[in-house]
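The block underneath contains the structure these notes are about, expressed in structure tokens.
Each chain gets a letter, A, B and so on, in the order the sequences are listed, and its residues count up from 1.
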There are 2 protein chains.
Amino acid sequence: MRYELYYWPGIQGRGEYVRLALEAAAARYTDVARLSRSQGGGVAAIMRMMEGERARRAPFAPPFLKAGRLVIAQTANILQYLGPRLSLAPADEAGRLWAHQLQLTIADLVTEVHDTHHPVANSLYYEQQKPAARRRASHFIRERMPKYLDYFEQVVAGNPRGRGHAVGKSLSYVDLSLFQIVAGLRYAFPRAMRRLERKLPRLRTLHDLVASQPRVAAYLDSPRRIPFNESGIFRHYAELDQ
Amino acid sequence: MRYELYYWPGIQGRGEYVRLALEAAAARYTDVARLSRSQGGGVAAIMRMMEGERARRAPFAPPFLKAGRLVIAQTANILQYLGPRLSLAPADEAGRLWAHQLQLTIADLVTEVHDTHHPVANSLYYEQQKPAARRRASHFIRERMPKYLDYFEQVVAGNPRGRGHAVGKSLSYVDLSLFQIVAGLRYAFPRAMRRLERKLPRLRTLHDLVASQPRVAAYLDSPRRIPFNESGIFRHYAELDQ
């Protein structure tokens with residue numbers, strides 16, 4: 001099976017959680033929109049798929065994954081599908097429900113991170129909503145970010161035979177996503193994160209454990225890993241990191 | 001199996017999607033926090049469970065469902081678990097992934113509805129974030145609400161042998177959730193909804209189809225259905241419905 005991932009070609013965004021899973025498992029895949037237009041890529045490729053699927057089971061938004069005849073959207077749904085196929089999820093039902101539950105909690109956090117710079121509307125520029133962004137980011141840093149991160153720290157601590165993994169005894173898509181959360185928050189809110197991280201030894205260790213997996217390390221070093229930037233979800237605006 | 005639902009006792013909120021599924025299937029369940037404190041209910045019951053689960057697989061937030069030894073959180077995850085057990089989901093894998101994908105898109109819409117009255121912080125009162133709420137609600141009504149509703153209208157249209165159902169050929173948790181979306185948006189944004197609904201004949205029909213299911217109708221008529229109110233997710237503030 002060769003998977004096709006459809007996601008905005010210029011950002012990590014929500015597609016990154018899927019990219020990390022495919023890369024960590026050395027899955028065969030094409031990141032379709034990152035191909036050149038002459039190769040059938042670009043944003044046009046995403047639009048073609050969404051229009052072509054119109055009459056049937058069209059996604060509401062990217063990312064979506066083509067797996068044979070299936071087209072699956074919603075990041076956590078894609079990872080739930082890929083998990084057992086890429087050996088990145090627990091084998092038992094309870095473990096899979098738990099992994100998915102955590103991934104959905106990560107998705108909620110990602111939305112809150114996004115809304116720190118876009119609290120009013122996605123269709124406006126950041127510059128058009130700066131006062132609200134400053135207020136939202138301030139509450140996020142003081143209330144929500146510690147609440148989520150403390151929770152995930154507890155999750156890792158509550159998996160004592162997991163050798164540092166979030167669920168089960170080996171690498172899962174939840175570990176990969178938590179790596180991305182730590183990396184992204186360090187990029188977006190370096191000051192806040194430095195302070196918070198002192199109390200998050202398990203998440204720090206998990207981040208390093210994931211980053212040192214040979215396939216993940218190779219991916220992070222490659223041009224396939226898009227750098228963080230101010231079009232993505234994790235954006236660094238110094239005025240929001242207070 | 002007798003299920004135990006744990007959710008805030010004073011609001012419909014995210015718990016309502018689970019309540020509707022349990023009610024439509026005539027499942028045996030206890031809405032634990034709605035019991036009196038002497039019966040072991042109240043918000044304290046939610047807190048006890050979250051603390052008791054602390055060391056193991058604690059939910060980040062309600063709603064969560066106790067099903068035997070399993071404790072499952074995240075609304076869409078709960079519905080995915082209950083779906084096949086309550087005959088409220090398609091039988092095939094592709095159909096179940098599709099139903100879950102739609103439910104996750106509904107969850108995204110629910111978050112956006114919530115943020116129309118809380119664009120800055122959940123820990124502040126609405127009254128402390130009114131200017132930002134007005135801007136966010138205006139964009140929501142003009143851009144996001146039509147985009148989501150048109151999408152779901154297309155979904156129902158794209159299921160031509162579904163006899164008005166969103167997925168498959170019979171009632172599913174997706175239908176129940178779309179009913180709740182229509183009912184909630186009518187409550188929160190009656191002016192905007194009246195205008196938009198003209199172009200949503202299938203969603204209107206689906207709403208009525210669900211409301212006329214005998215078990216659902218009995219539930220909606222009972223004291224078990226908490227009325228919409230201004231502590232929930234769908235809130236009616238006339239100034240936001242412009």
*Sub-3.5 Å donor-acceptor pair from the side chain of A/Arg136 to the main-chain atoms of B/Pro119, do we have one?*
yes
*I would like to know whether B/Leu104 and A/Leu104 meet side-chain contact (heavy atoms from CB on, under 4.5 Å); could you show each step before the answer?*
CA-CA 9 Å; B/Leu104 290 171; A/Leu104 290 170; 3.4 Å; yes
*Could you state the interatomic distance from CG (A/Asp108) to CZ (B/Phe60), rounded to the nearest 0.5 Å?*
8.0 Å
*Is there any residue in residues 138-148 of chain A with a non-hydrogen atom under 4.5 Å from a non-hydrogen atom of chain B, and which ones are they?*
A/His139, A/Glu143, A/Arg144, A/Lys147, A/Tyr148
*For atom CZ of A/Arg161, is the number of surrounding heavy atoms from other residues, nucleotides or ligands below 6.0 Å larger than 12?*
no
_Nearest atoms (heavy-atom pairs only) where B/Gln128 meets A/Arg135_ = O-NH2, 2.9 Å
*Who among B/Ser123, B/Ala133, B/Ala137, B/Ala132 has the most heavy-atom pairs with chain A under 4.5 Å?*
B/Ser123
*Using a strict 4.0 Å threshold on nitrogen-to-oxygen distance, state whether B/Arg69 and A/Glu93 make a salt bridge.*
no
*Can you check whether A/Gln74's main-chain N or O pairs, donor with acceptor, with B/Gln101's side chain at less than 3.5 Å?*
no
*Any donor-acceptor N/O pair, B/Asn77 side chain to A/Leu97 backbone, under 3.5 Å*: yes
*Give the member of B/Ala121, B/Ala61, B/Ala73 that has the highest number of heavy-atom pairs under 4.5 Å with chain A.*
B/Ala73
*asked:* At a heavy-atom distance under 4.5 Å, which candidate from A/Leu102, A/Asn122, A/Leu124, A/Leu70 has the highest pair count against chain B?
replied: A/Leu124
